[in-house]
Each structure stands twice: as structure tokens, then as C-alpha cells.
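What follows is a set of notes on a single structure, which appears directly below.
Remember, predicted model here, so these are calculated numbers, not experimental data.
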Amino acid sequence: MNRKFAAVIALGSLLLLVVSGMFAPEYLPPADLSARYLGPADVPPLGTDGRGKPLLDYAMQGAKIIALPSLIAALLVMLIATGGGLLSCAGYGRASAMAQAIGEVVGALPRLLVVLVVALVLTGGAKATDAPPGLYPIALTWALLAAPGAMDEASAVASRLGGSRFVEALRAHGFSRKRIFLYHLVGLNLRPVLVRHGVETFMQVTFLEVALSYLATMPPQQASFTHPASHHSWAEILYMGYRWTLGEDSLHALLLGLGLIGLVVTVAVAATSAVRAR
């Protein structure tokens, strides 16, 4: 895929998610049982659920839940990985070794178990009337657990370049440290690694939110860890689609849910393709 075309696809898909979340309604409209499970042709653009509510509102609220937390988690992973790559070339051997040791300890922790513990701790002391803390703590926890792997790969790429010798060689050619570190190291050499790990984290946090919310939709229904009761995750769309296998007329909900997941995957694949090494 052409890099420019891939970049346009990635940015366009990401903007679609963020803008949809920004304009998401706070509450769904009242139920209309006369419009149960109507398809996109009858109620454009996405049809309705089993109570006659538009699936477009579900999709926009789901985008609001995942877009910004997933994006912030991705940026955090990229920032930590950048630090690991820069330390490998800055000549700070002790700091690099300390960062590697901390990364090994954090990277050895089971991610999903730690995330579940964080979610339970955050919601354990809350009252029944309190709103859940949202996806941000879970997303940041996942990012911190995923960062050591990204940092190690960025450090390995910087080491293959020659580490501090790479910096000194470019300094001998008259380049400033700012240009060396930001352009030659990060912009030209670390870029594919940083973006790939960032978009993988974006995708993983999205799937994690959908999985946690899907568990909350299963009977007996429980309060979600990631969003207040007035908001609806993409997991609810997928659950409606699953009920198509039980005989309900909700095939359009299944296709919509899979399409939304595919949109997130498109962001990751297109962004990785756009920044691939030449």
C-alpha cells in the first residue's frame, strides 16, 4: 500500500472515531417498540435495536468510551519507548540498565490479571450510585504494562545503529543533538517501531474494553467497569448480533459490530503501513 494513501486511511479512520465520540448523545432516545430491529434501509443509517433505538447512537457512545483513552494509552507507550531508544544512544549506561531492569520486572507481570485487579480496586470502594472511573485507569495500566516490550525493541534498534557511536558520528558531520535525536534517530529509525507498538496498544485497549463490557452484558447483568450506565459500549451491539444466532432479526447489528471492530483494525494496519521502513 502506498504510504500516503495508508496515512490518509489511518488518519481518516481515527478522526471518524474521535469525532463520533465527541458528538455522541449523552442518553439514548426513548424506546419505540414499533421499530424493533429495523434494518438500515428502514431506519438509516444503521438501523435499530430490539427496543427501536437507533444503533447509530450506540456506535457513537461506544466511540466516546474508547477513542480518547485508547489514544492516550498509545501515546504513553510511544513516549516510554522513545525514552528507551534515546537512552541507548545518549551514553547513560547506568540509567539505561536501570530502565531495562524496571522494564523486565513490569513486563513479567500478567497484564490481564493486573488490569482486572485495578478495575476491582477502583470500583470496590465506590457506592452503588457512583459512576465508574471510566476506561482511563485501565487503559493507562495496560499501557504501562505494554511499554517495556516497546522500550526493549526501540533500544535494540538504537543499539543496532551503533548507540552513542551513531550520535558521535553524526555530530562529527556537524549535526546538532536536537536534529540527531529527533530527526535521525526518532524520525527516521525508531518511527516504525514506535508507531507499531502505539497502534497495537490502541487496538488492544479497545478490544479489552469491548471484552469487559461484553461480560457485563451477559446475564446476570452487572455494572460496567469502563463506562456509566447511561452509555453503551460496542459490546452491546455485538451481543445484539449474537442473538441473531438465537433467531432474532439482528443480523444488521452483528455486521455493524464487526464493522466497528474492523475500523479499529484498519487504523492499526494502515498506520503501520504508512510508517514502515524504507
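- Val267 and Ser13 make their closest contact through CG2-CB, 3.4 Å (heavy atoms, listed as atom of the first residue, atom of the second, distance).
- Side-chain contact between Pro45 and Leu56: present, with at least one pair of heavy atoms (C-beta onward) separated by less than 4.5 Å.
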Practice item. Could you go through the side-chain contact (heavy atoms from CB on, under 4.5 Å) check for Leu208 and Trp142 one step at a time? Key: CA-CA 9 Å; Leu208 180 63; Trp142 187 270; 3.9 Å; yes
Exercise for review: Take Leu79 and Leu194 through the test side-chain contact (heavy atoms from CB on, under 4.5 Å) and record every step on the way to the result.
Suggested key: CA-CA 8 Å; Leu79 180 63; Leu194 300 179; over 6 Å; no
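- Rounding to the nearest 0.5 Å places OG1 of Thr226 at 3.5 Å from CD of Glu209.
- In terms of modelled atom types and a separation under 3.5 Å, the side chain of Ser233 and the main chain of Glu236 share no donor-acceptor contact.
- In this structure, Leu38 CG and Leu55 CG are separated by 10.0 Å, a value rounded to the nearest 0.5 Å.
- In this structure, the side chains of Val265 and Phe207 come closer than 4.5 Å at one or more pairs of heavy atoms.
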Practice item. For Phe202 and Leu17, run side-chain contact (heavy atoms from CB on, under 4.5 Å): C-alpha distance rounded to whole Å, both residues' side-chain angles, the deciding distance at 0.1 Å, then the answer. Key: CA-CA 12 Å; Phe202 179 87; Leu17 286 173; 4.0 Å; yes
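- To the nearest 0.5 angstrom, Ile237 atom CD1 is 11.5 Å from Ser250 atom OG.
- Taken to the nearest 0.5 Å, the CG atom of Leu145 stands 11.0 Å off from the CG atom of Leu140.
- Contact check for Leu28 versus Gln61: side-chain heavy atoms found under the 4.5 Å cut-off.
- Checked by atom type and distance alone, the side chain of Arg191 pairs as donor or acceptor with a backbone atom of Gly187 at under 3.5 Å.
- Formation of a donor-acceptor pair under 3.5 Å by the Trp234 side chain with backbone atoms of Ala59 is found in this model.
- For the pair Leu254/Met240, no side-chain contact is recorded, criterion being any heavy-atom separation below 4.5 Å from C-beta on.
- The heavy-atom pair separating Gly85 from Leu185 by the smallest distance is O-CD2, 4.1 Å.
- Val195 is not connected to Leu182 by any chain of hydrophobic side-chain contacts under 4.5 Å among Ile, Leu, Val, Met, Phe, Trp and Tyr, and they are in different clusters.
- In this structure a side-chain-to-backbone donor-acceptor pair under 3.5 Å is present from Thr48 to Ala35.
- Here the shortest heavy-atom pairing between Leu33 and Gly50 reads CD2-O, 4.2 Å.
- Residue Tyr58 is tested with His227, His231, His232 for a ring-ring contact (aromatic ring centres under 6.0 Å, His included); the sole match is His232.
- The cluster map of Ile, Leu, Val, Met, Phe, Trp and Tyr, joined by side-chain heavy atoms under 4.5 Å apart, puts Tyr239 and Tyr37 in different clusters.
- Checking side-chain atoms of Arg36 against main-chain N and O of Gly52 turns up no donor-acceptor pair under 3.5 Å.
- Side-chain contact check for Leu170 versus His184: some heavy-atom pair is nearer than 4.5 Å.
- Leu46 and Phe23 fall within a single hydrophobic cluster, where Ile, Leu, Val, Met, Phe, Trp and Tyr are joined by side-chain heavy atoms under 4.5 Å apart, directly or via other members.
- The heavy-atom pair separating Ser230 from Tyr27 by the smallest distance is CB-CE2, 3.4 Å.
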Table please: side-chain donor-acceptor pairs of residues 64-74 below 3.5 Å, with sequence neighbours left out.
residue : atom : partner : partner atom : Å
Lys64   : NZ   : Glu26   : OE1          : 3.4
Ser70   : OG   : Ile66   : O            : 2.7
Ser70   : OG   : Thr206  : OG1          : 3.4

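- Sorted by first then second residue, the ring pair (Phe, Tyr, Trp, His ring centres under 6.0 Å) pairs that include residues 60-83, not counting sequence neighbours, number zero.
- Although no hydrogens or angles enter the test, the distance criterion places no donor-acceptor pair under 3.5 Å between the side chain of Thr201 and the main chain of Ala143.
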**Study point:** Steps toward side-chain hydrogen bond (donor to acceptor under 3.5 Å, both in side chains) verdict (Arg276, Ser273)
**Key:** CA-CA 5 Å; Arg276 67 185 184 275; Ser273 180; 3.1 Å; yes
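- Both Leu263 and Met22 belong to a common hydrophobic cluster when Ile, Leu, Val, Met, Phe, Trp and Tyr are linked at side-chain heavy-atom distances under 4.5 angstrom.
- Using a 4.0 Å cut-off between charged nitrogen and carboxylate oxygen, Glu168 and Arg177 count as a salt-bridge pair.
- In this structure, CG in Leu190 is found 10.5 Å from CE in Met78, a value given to the nearest 0.5 Å.
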Check your understanding: Yes or no on side-chain contact (heavy atoms from CB on, under 4.5 Å) for Phe166 and Asn189, after CA distance, side-chain angles and deciding distance?
Key -> CA-CA 12 Å; Phe166 172 77; Asn189 291 283; 4.2 Å; yes
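- The 12-atom threshold is exceeded at CZ of Arg179, counting heavy atoms of other residues, nucleotides or ligands nearer than 6.0 Å.
- Between Tyr214 and Leu238, some side-chain heavy-atom pair lies under the 4.5 Å cut-off.
- Of all non-hydrogen atoms in Val193 and Ala150, the two that sit nearest each other are CG1-O, 4.4 Å.
- Between Val264 and Ile261 the shortest side-chain heavy-atom distance does not fall below 4.5 Å.
- Taking NE2 of His197 as the reference point, atom CD of Gln204 lies at 10.0 Å (rounded to 0.5 Å).
- Grouping the Ile, Leu, Val, Met, Phe, Trp and Tyr side chains by contacts below 4.5 angstrom, directly or via other members, places Val43 apart from Leu255.
- The two residues Ala81 and Ala154 come nearest to each other via the heavy atoms O-CB, 3.3 Å.
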